[in-house]
Amino acid sequence: MTEQLEAMPTDWQRALAIVAHPDDLEYGTAAAIAGWVDERREVSYLLVTRGEAGIATMDPGKAAFVREREQRASAAVVGVTSVEFLDHPDGVIEYGPALRKDLAAAIRRHRPELVLTINHHDTWGGVAWNTPDHRVVGRAVLDAAGDAGNRWIFPELSAAGLAPWDGVRWVAVSGSPSPTHAVEVSGGVERAIRSLLEHRAYIEALTDEDPESYCRTFIEQATSMASARFGGRPAVGFELFPR
């Protein structure tokens, strides 16, 4: 028998979603976020880049502006109003102390119990190779969750008024080829589709398919992938790392 996924924890109030690019959260995770916002939980977004290298037909300077605008509109569809950008260079994010420090600072500032990020593994499962930015950011988030609570790592953050926050209880990785948990998302699927559709400039450059059809097909497939291991319900899977 296929091992069933456990239900995501519900005893939390604040979450911080940290990903590399505008649109990373909209390829499924937003369906879960919509439901959490409905439950009056606080969810904030932190984008490590502005996705300026993501549209081949658009100059990076213009793309950064367009993709930031699309991300804020996309977040609003699922009820998220806090959207921040770190301005690391799209496509060539470097893993190291500078990135960990920026992420630790954000975690200390937002004080989340749950941190969300995107697949940090080499592949999506099988032979579909993951991008460098996803791998780097995902791994840095897992490390920064610990950095945020250690007063002796990046002590300059404390000097700047960002006290250590050791309250992160879980890091949940979306898109992982090894999910352990899931959340039922029946009430968030339509909003997730609309949220992804807000990235219209990106999608129109990505595919010749009708954007609305593209978004609906992708989200419906994404939320059905975990169904067989979660009672047949539309769901979003996560690889959960307790702390």
Side-chain angles (χ1 to χ4, degrees), residues 16-30 33 44-75 80 82-107 115-145 147 154 171-178 192 195-209 211 214-215 218-219 222 238-239:
L16 177 62
I18 305 174
V19 292
H21 316 108
D23 81 65
D24 282 350
L25 290 167
E26 281 65 59
Y27 280 93
T29 309
I33 291 170
S44 299
Y45 288 2
L46 180 71
L47 289 299
V48 175
T49 79
R50 294 180 192 266
E52 67 274 10
I55 301 178
T57 57
M58 190 178 294
D59 176 83
K62 181 179 179 181
F65 173 80
V66 169
R67 300 204 71 196
E68 176 182 345
R69 183 185 63 202
E70 290 187 338
Q71 181 60 72
R72 293 188 186 280
S74 178
V80 172
S82 175
V83 182
E84 302 173 7
F85 296 83
L86 288 179
D87 283 326
H88 284 253
D90 184 18
V92 289
I93 304 171
E94 294 185 2
Y95 180 92
L99 177 60
R100 285 171 52 195
K101 178 180 174 181
D102 283 348
L103 301 185
I107 292 169
V115 174
L116 305 167
T117 192
I118 197 166
N119 181 21
H120 61 286
H121 297 287
D122 287 342
T123 74
W124 298 95
V127 298
W129 191 248
N130 198 0
T131 72
D133 283 357
H134 293 155
R135 301 196 310 270
V136 165
V137 170
R139 288 168 177 161
V141 169
L142 286 160
D143 292 335
D147 297 337
F154 310 126
V171 177
V173 178
S174 67
S176 169
S178 304
S195 184
L196 179 56
L197 187 56
E198 290 292 342
H199 294 279
R200 185 175 288 271
Y202 174 75
I203 292 168
E204 288 178 344
L206 182 69
T207 177
D208 292 331
E209 187 178 351
Y214 170 85
C215 293
F218 192 98
I219 296 301
F238 295 94
E239 184 176 8

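One-based numbering along the sequence shown.
When side chains are defined from C-beta on, Glu68 does not count as touching Pro22, because their heavy atoms never get closer than 4.5 Å. With a 4.5 Å cut-off on side-chain heavy atoms, Val80 and Ser44 do not count as touching. Within the 4.5 Å cutoff, the side chain of Leu47 has no heavy atoms near those of the Asp24 side chain. Annotation: side chain of Tyr27 is not in contact with side chain of Ser174 (no heavy-atom distance under 4.5 Å). Side-chain contact between Phe85 and Arg72 is present, with at least one heavy-atom pair separated by less than 4.5 Å. A heavy-atom distance below 4.5 Å is not found between the side chains of Val92 and Pro132.
One N or O on the side chain of Glu52 and one on the backbone of Asp90 form a donor-acceptor pair closer than 3.5 Å. In this structure, Thr117 contributes its side chain and Ile18 its backbone to a donor-acceptor pair below 3.5 Å. Not a single donor-acceptor pair under 3.5 Å links the side chain of Thr49 to the backbone N or O of His88. The backbone N or O of Leu99 sits nowhere less than 3.5 Å from a side-chain atom of Asp102 that would complete a donor-acceptor pair. Side chain of Asn130 to backbone of Asn119: a donor-acceptor contact under 3.5 angstrom is found. Formation of a donor-acceptor pair under 3.5 Å by the Glu70 side chain with backbone atoms of Ala201 is found in this model. Not a single donor-acceptor pair under 3.5 Å links the side chain of Ser195 to the backbone N or O of Ala30.
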task: Carefully, step by step, assess Glu84 and Tyr45 under the rule side chain to side chain contact (heavy atoms under 4.5 Å, CB included).
output: CA-CA 6 Å; Glu84 302 173 7; Tyr45 288 2; over 6 Å; no
- request: Show the numbers, then the answer: is there a side chain to side chain contact (heavy atoms under 4.5 Å, CB included) between Arg50 and Phe65?
  value: CA-CA 8 Å; Arg50 294 180 192 266; Phe65 173 80; over 6 Å; no
query: Would Met58 and Tyr202 count as a side chain to side chain contact (heavy atoms under 4.5 Å, CB included) if you check the C-alpha gap in whole Å, the side-chain angles of each, and the deciding distance to 0.1 Å?
result: CA-CA 10 Å; Met58 190 178 294; Tyr202 174 75; over 6 Å; no
- request: Go through the steps to decide whether Val141 and Leu116 satisfy the test side chain to side chain contact (heavy atoms under 4.5 Å, CB included), and finish with yes or no.
  value: CA-CA 9 Å; Val141 169; Leu116 305 167; over 6 Å; no
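The two residues Cys215 and Ile203 come nearest to each other via the heavy atoms SG-CD1, 3.5 Å. Here the shortest heavy-atom pairing between Pro177 and His121 reads CD-CD2, 3.5 Å. Here the shortest heavy-atom pairing between Phe154 and Pro97 reads CZ-O, 3.5 Å. Shown here for Ser74 and Leu196, the closest heavy-atom pair between the two residues is OG-N, 4.4 Å. A pairwise comparison of heavy atoms in Thr57 and Ala205 identifies OG1-CB, 4.1 Å as the closest pair. The two residues Arg139 and Tyr95 make their nearest non-hydrogen contact at C-CE1, 4.2 Å.
Sparse packing is recorded around CD of Glu94, with 12 or fewer heavy atoms of other residues, nucleotides or ligands lying under 6.0 Å away.
Checking His21 against Asp133 by side-chain atom types alone, a donor-acceptor pair falls below 3.5 Å. Between the side chains of Ser176 and Glu239, at least one donor N or O lies within less than 3.5 Å of an accepting N or O.
Between Arg69 atom CZ and Glu198 atom CD the span is 10.0 Å, to the nearest 0.5 Å. In this structure, OG1 in Thr29 is found 5.0 Å from CZ in Phe238, a value given to the nearest 0.5 Å. Of the inter-residue distances, the one linking Arg135 atom CZ with Thr123 atom OG1 reads 10.0 Å to the nearest 0.5 angstrom.
Just one residue in the list Leu103, Ile93, Val137 forms a side chain to side chain contact (heavy atoms under 4.5 Å, CB included) with Leu86, and that residue is Leu103.
Centroid-to-centroid, the aromatic rings of His134 and Trp129 stay 6.0 Å apart or farther.
A salt bridge between Arg67 and Asp23 is present, with a side-chain N of the basic residue lying under 4.0 Å from a carboxylate O of the acidic one. The residues Asp143 and Arg100 are annotated as not salt-bridged, no charged nitrogen and carboxylate oxygen being separated by less than 4.0 angstrom.
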